[in-house]
Amino acid sequence: MTTVFAMPVFDATVIFEGNELFKGKGSASMWAEKLAAEIGGEVGVQKIGTGWVLTGRVDGDDCLWGIHGQRLKRVVSAPAQ
């Protein structure tokens with residue numbers, strides 16, 4: 001099985017404060033389901049500026065994921081809302 005982090009994200013994106021985010025909630029929700037299955041925990045979606053991020057907890061840490069190079073990528077510094 002291929003990890004969700006290696007799967008290409010060909011969905012529409014927007015750039016907000018230097019982060020590439022999902023353009024639509026529906027697309028973000030679909031990827032949230034895939035990521036939740038991979039990490040074995042709850043993953044949601046949250047509107048940040050003009051785009052959507054995936055939200056969840058890994059090893060007790062709150063995490064946000066956006067996109068980089070057509071792959072899911074953890075957003076290190078959370079964009080301002």
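No hydrogens, no waters, no symmetry mates; every other heavy atom, side chains included, goes into these values. On a predicted model such as this, the values are computed, not experimentally measured, just so you know.
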Heavy-atom check, side chain of [X] versus side chain of [Y], under 4.5 Å:
X   : Y   : result
R74 : L64 : no
F5  : W65 : yes
Q70 : F10 : yes
W31 : L54 : yes

Task: Taking every non-hydrogen atom, the tightest pair across E38 and T2 - done: OE1-O, 4.4 Å
TODO: Mind listing the closest non-hydrogen atom pair of V45 and A32 along with its distance?
DONE: CG1-CB, 4.0 Å
TODO: Would you indicate whether D59, at its atom CG, is surrounded by more than 12 heavy atoms from other residues, nucleotides or ligands within a distance under 6.0 Å?
DONE: no
TODO: Verify the neighbour count for atom NZ of K25: are there more than 12 heavy atoms of other residues, nucleotides or ligands below 6.0 Å?
DONE: no
Separation between [atom1] of [X] and [atom2] of [Y], rounded to the nearest 0.5 Å:
X   : Y   : atom1 : atom2 : answer
K47 : W52 : NZ    : CH2   : 6.0 Å
D62 : R57 : CG    : CZ    : 4.5 Å
T50 : F16 : OG1   : CZ    : 6.0 Å

TODO: Show the numbers, then the answer: is there a side chain to side chain contact (heavy atoms under 4.5 Å, CB included) between D11 and K23?
DONE: CA-CA 8 Å; D11 301 303; K23 184 175 184 178; over 6 Å; no
Open item on the list: Taking side-chain contact (heavy atoms from CB on, under 4.5 Å) as the criterion, tell me which of V43, I39, L35 meets it with V58.
Closed with: I39
Open item on the list: Under a 3.5 Å threshold, yes or no: a donor from one side chain and an acceptor from the other, between E20 and T13?
Closed with: yes
Task: Residues forming a side chain to side chain donor-acceptor pair (under 3.5 Å) with R71, sequence neighbours excluded - done: none
Task: Within one Ile-Leu-Val-Met-Phe-Trp-Tyr cluster: I15 and I67, side-chain cutoff 4.5 Å - done: no
